[in-house]
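Okay, structure first, notes after.
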Amino acid sequence: MQHRLLARQLQRLMGNDFLPDERWNSFLQLISNYYHEVDRERGLLENALEVNSDELTFANAQLRSKAEHEKALLHSFTNSIPDLFFAKSLDGIYMGCNKTFERSLGLSETDIVGKTDAQLLSADRVESVRDIEKKVLATNQPIVMEEWITHPDGSKFCLEMLRAPYYGVDGKPLGLIGIGRDITQRRELEEQIRLSALVYQHTAEGMLVTDPDYQIIDINPACARMTGYELEEVRGKNPDMFNSGRQDAAFYELIRETVSQIGYWNGEVWDRRKNGEIFAKSMVVNRLMGDDGKVHGYVMLFSDITEKKQADDMIWRQANFDMLTGLPNRRMLREQLEHEIRQADRARCSLALLLIDLDHFKEINDTLGHLVGDVLLVEAARRISACTRESDTVARLGGDEFTVILSRVTDPTHVEVVAQKIIQRLAEPFQLGDSVVYVSASVGITMYPQDASEVEELLKSADQAMYVAKRQGRNRFSHFTQGLQTAAQERLRLISDLRSAIVENQFHLHYQPTVDMATGHIRMAEALLRWDHPTRGIVMPSDFIPLAEETGLIVQIGDWVFREAAKWAGRWNDFLPGGFQVCVNASPVQFRAEGAASQQVWIEYLKDHAIPGKCIVIEITEGVLLNADTDVFEILKNFRNAGMKVAIDDFGTGYSSFGYLNKFEIEYLKIDKSFIHVLSNTALCEAIIVMAHKLGLQVIAECVEEQLQAEMLDKAGCDFVQGYLYSRPILAEQLDAILRHGAMGR
Ligand code: C2E
Ligand code: CA
Ligand code: CA
C-alpha cells in the first residue's frame with residue numbers, strides 16, 4: 001500500500017515519461033524486499049558470529065542465495081534506467097547503486113557500498129545532503145530538488161534529485177533511495193529561451209513572427225514602436241499591410257521567392273507607419289524549419305534606417321551635386337558619362353557631349369556681385385535643362401561651365417538643334433533683380449565614339465571645340481573634329497542654299513512615263529524633282545529631300561512641285577483623248593500641321609487654272625496613313641472632293657497592311673522596286689496584285705528594268721508599268737513631244 005502511494009507520488013514528480021505506474025510499484029517492492037533481506041542477513045550474520053551452529057549456517061546460505069537473486073534483479077533493473085540511483089540505510093550508509101551513479105562519482109559500487117557521504121562527497125555537499133535526507137525521513141515524504149554537481153572530470157551538470165523513503169514489509173521505513181536525472185541540457189535551453197525572450201522584449205530591432213502563411217503571430221515592442229501598431233491590430237494579418245507602395249509587387253514577390261528557395265533574404269524595404277509616414281528599414285527574413293522538414297513560420301528582423309539613409313543621401317548629394325544649381329557636379333558627370341558610354345556601346349549608337357561656357361560671365365560677376373552671379377547661374381542651369389530630354393544629363397562643371405550629355409544620338413542634326421536651342425535660350429535677357437543682363441554662350445560639341453573613346457579625352461575635345469567657338473566670335477557652337485566640322489558646315493551651307501534655291505528658281509521636274517500594260521500607251525507620268533545647283537550641278541532628291549523635310553522647306557518646295565506638275569498635267573490631259581495623269585510625290589511632313597494649309601491652296605490653284613482634279617495623283621507613303629489622325633482624313637477627303645486621286649508609293653516597304661487601305665479611298669498601289677527586282681518575289685507580286693484588285697485598286701509597278709520583269713508583271717495582271725525599260729525620267733518638253741507625236745500617231 002505504502003509502495004503504491006509512493007509510486008504515484010514519484011511518477012507525478014518525475015513526469016510520466018520516467019516510468020509507468022505499475023513498474024514503479026514493482027520497482028519499489030523490489031527495493032524494499034532486497035534491502036529488507038540484506039538487513040536481515042546482516043542481523044543473522046551478527047547472530048551467527050555468536051551462535052555459530054551448522055543449522056544456522058545452512059539457513060544463512062539459503063537466505064544468501066535468495067538475496068543474491070534479488071540483488072541481480074535489482075541491478076539489472078536499476079541499470080536499465082538512464083538516471084542515477086542509490087539506496088541508503090537509515091543511518092546514511094550506501095546499500096547499493098547503479099552504473100550511472102558509479103560514473104557520477106567516478107567510483108565502483110564496491111567502493112561505494114558500506115560508505116557514507118562523509119567518505120564520498122565533498123565537505124560542502126555532505127551537510128546539505130544530510131539536511132535533506134533528514135527531512136525526507138522525518139516527514140516520510142519524498143523531496144525533489146535541483147543540484148548543480150561537479151563531475152570528477154570537472155564538468156558541471158544539473159541533477160534533478162528525488163529522495164524518498166522506502167519501507168519494510170511491516171511498513172516501517174528502512175532507509176531512503178535517491179534517483180537523479182541529468183537535466184543540464186534542459187536547463188541550458190531554458191536559460192537560452194529566457195535570454196532570447198529578454199532580447200526579444202528589449203532589443204531595439206523590430207521582430208515579427210508569422211505562421212507559414214505569412215500571417216502575423218507576434219511582434220515585439222520595438223516593432224510596435226517602429227510601425228505604430230499594437231500586436232492586437234496586426235495579429236492574423238499579412239506583413240504587406242506595412243507596404244508603402246514605393247516598391248512594386250514584383251519586389252515583394254522576389255523576397256518570398258528567395259526565402260522559399262534559400263530560406264533567407266536581406267535587404268532594404270520602404271514601409272509605412274500607422275500614421276502614414278514612410279520609413280526605410282533594413283530587414284532580414286528567416287524561414288523557420290521544423291525537424292519534420294516543414295515550414296513552421298517566418299521571422300523578420302529589422303531596424304529603422306531612415307535617418308541613416310537620409311544622412312547617407314545628404315553625403316552622397318554633397319559629393320555628387322552642385323549645391324547652387326542642384327545639377328550633377330564634375331564627379332557625377334564623369335560617372336554618368338562612363339555609364340552612357342557603356343549604354344551607347346550596347347545600343348551601337350553615338351552620344352554627344354556639349355560643353356557650354358557662358359560668355360562674359362566674369363564681368364557680370366565682378367560688376368553686379370557674386371549673389372547676382374549666382375542667380376544668373378541658377379537661371380542658366382534651368383534654361384539649359386529645359387532644352388534637353390529627360391534622358392539627357394545636364395551638369396555643372398564649376399564656374400560658368402556646364403555640360404550636357406545627349407544620349408542615343410542617331411541623327412547628328414539633333415545635336416546641333418539642341419546646341420542652337422541652348423545658345424538661343426541663353427541669349428535671351430536675364431532679369432536679375434532690377435537689372436537686365438545679357439550673356440551668350442559658346443558651345444563645344446564632341447561625339448562618342450567618333451571623336452574620342454575615353455571620358456577624359458571627350459571632356460578635353462569638347463573643351464577644345466568650345467574654344468574654337470569662342471575664337472570664332474562666341475555665341476555659337478563648334479564641333480571637335482575637322483571632319484565633323486566640315487560635314488556640319490556642309491549641311492548648313494546646303495540648307496542655306498536650299499532656301500535660296502526656291503527664290504532663284506533652281507528646281508525643275510523630270511517626268512517618268514507610266515505605261516498602260518493593256519494598251520502599251522503612256523497614260524501617266526511621275527513628276528521627279530531635280531535641283532540645278534549653281535556650283536554642284538544636278539542634285540538628286542535623295543541628297544536634299546531629307547534636309548528639306550528637317551527644315552520644313554519641303555512645304556514650300558512641294559507647293560512649287562504641285563503647281564508645276566499640275567500645269568503640265570492640265571495641258572497633256574487636254575489634248576490626249578483618253579486623258580492624262582501626273583503623279584506628284586508628297587512628303588509626310590506636308591501632311592503635318594505646318595504643311596496642311598497647302599492643300600487648300602492646291603485645290604484653289606486647280607480651280608483658278610481650270611485644271612481638272614482627276615489629272616493629278618498624289619503619291620503618299622504608308623506611314624502617312626499609319627499615323628493618320630483626323631487631319632489626314634480631312635485632307636484626303638478634300639483631294640477626293642476636288643477629283644484628285646491618291647496612290648500609295650513604295651508599297652510593301654512600310655507596315656504593309658491591306659486592312660487600313662480599305663479605310664481610305666485609294667486608287668493606285670505602287671509596288672516597291674524591291675519586289676520587282678527580285679524574281680523570287682514573283683509570288684508576292686502576284687498576291688499584292690490580286691489583293692489590290694479585290695479592293696478595287698489599280699497596280700503600278702515601278703523601276704521595271706528588264707523584259708523578264710515586264711512579262712512576269714503582265715502575267716500577274718499588273719495594270720501599269722514604269723521604269724528604265726520604257727523610259728528614264730525626262731524633261732516636260734521631251735515628254736510633251738513624245739505624247740504629241742504618239743497622240744498624232746494614234
Ligand atoms: P520614288 O517616288 O520611289 O521615285 C522613284 C525613283 O526611282 C526615282 O528616283 C526614279 O528616278 C527612280 N527610277 C525610275 N525608274 C527606275 C528604274 O528602272 N530603275 C531604278 N533603279 N530606278 C528607277 P529619284 O528621281 O532619284 O527620286 C528619289 C525619291 O525622291 C523618290 O522616290 C521620291 O521619294 C523622292 N522625290 C522625288 N521627287 C520628289 C518630290 O517632288 N517631292 C517629294 N516629296 N519627294 C520627291
Ligand atoms: Ca514616287
Ligand atoms: Ca516609289
Partners meeting salt bridge (charged side-chain N to carboxylate O under 4.0 Å, His left out) with [X] (sequence neighbours left out):
{"X": "E307", "answer": "none"}
{"X": "K460", "answer": "none"}
{"X": "K308", "answer": "D312"}
{"X": "E191", "answer": "R194"}

Result block: side-chain N/O donor-acceptor pairs under 3.5 angstrom for residues 208-215, not counting sequence neighbours:
unit_1	atom_1	unit_2	atom_2	d
D211	OD1	D213	N	2.9
D211	OD1	Y214	N	3.2
D211	OD1	Q215	N	2.8

Does the [X] side chain pair with the main chain of [Y], one donor and one acceptor, at a distance under 3.5 Å?
{"X": "E160", "Y": "R181", "result": "no"}
{"X": "Q247", "Y": "E268", "result": "yes"}
{"X": "N220", "Y": "M207", "result": "yes"}
{"X": "R396", "Y": "G399", "result": "yes"}
{"X": "T78", "Y": "N98", "result": "no"}
{"X": "S453", "Y": "P449", "result": "no"}
{"X": "T184", "Y": "C158", "result": "yes"}

Looking at residues at least two apart in the chain, or sitting in another chain, which of them share a ring pair (Phe, Tyr, Trp, His ring centres under 6.0 Å) with F157?
->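 So F157 forms a ring pair (Phe, Tyr, Trp, His ring centres under 6.0 Å) with H151.
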
Does Y448 have any ring pair (Phe, Tyr, Trp, His ring centres under 6.0 Å) partners at least two apart in sequence or in another chain, and if so, which?
->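 So Y448 forms no ring pair (Phe, Tyr, Trp, His ring centres under 6.0 Å) with any residue.
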
Closest approach of [X] and [Y], non-hydrogen atoms and distance?
{"X": "C349", "Y": "R408", "result": "SG-CA, 3.5 Å"}
{"X": "T325", "Y": "V378", "result": "CG2-CA, 4.2 Å"}
{"X": "L458", "Y": "T446", "result": "O-CG2, 3.3 Å"}
{"X": "N329", "Y": "A319", "result": "ND2-O, 2.9 Å"}
{"X": "E205", "Y": "M226", "result": "C-CE, 4.4 Å"}

With [X], which residues qualify under side chain to side chain donor-acceptor pair (under 3.5 Å), at least two apart?
{"X": "R272", "value": "none"}
{"X": "D131", "value": "none"}
{"X": "T393", "value": "none"}
{"X": "Y298", "value": "none"}

Tell me, yes or no, whether the heavy-atom count around R348 atom CZ, taken from other residues, nucleotides or ligands under 6.0 Å, exceeds 12.
->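 It does not: R348 CZ has 12 such atoms or fewer within range.
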
Criterion side-chain contact (heavy atoms from CB on, under 4.5 Å) against V285, the qualifying member of W265, Y264, F302 =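 Answer after filtering W265, Y264, F302: W265.
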
Ion pair present between R334 and E456, side-chain N to carboxylate O less than 4.0 angstrom?
->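 So R334 pairs with E456 through a salt bridge.
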
Is there a salt bridge (charged side-chain N to carboxylate O under 4.0 Å, His left out) between R130 and E127 once you walk through the steps?
-> CA-CA 5 Å; R130 192 191 305 136; E127 208 164 314; 5.6 Å; no

Not counting sequence neighbours, list each pair that qualifies as a side chain to side chain donor-acceptor pair (under 3.5 Å) and has a residue in residues 274-295.
->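 Non-adjacent pairs meeting side chain to side chain donor-acceptor pair (under 3.5 Å): E233-K274, D271-K281, R273-E277, D292-H296.
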
Y94 and F101 aromatic ring geometry - parallel, tilted or perpendicular at 30°/60° bounds = tilted

Would you please test K309 and W270 for side-chain contact (heavy atoms from CB on, under 4.5 Å) and show each step?
-> CA-CA 11 Å; K309 265 199 114 59; W270 287 93; 3.7 Å; yes

Just by distance, with hydrogens left out, do E257 and Q261 show a side-chain donor and acceptor under 3.5 Å apart?
->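 Looking only at side-chain atoms, Q261 and E257 do form a donor-acceptor pair, the distance falling under 3.5 Å.
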
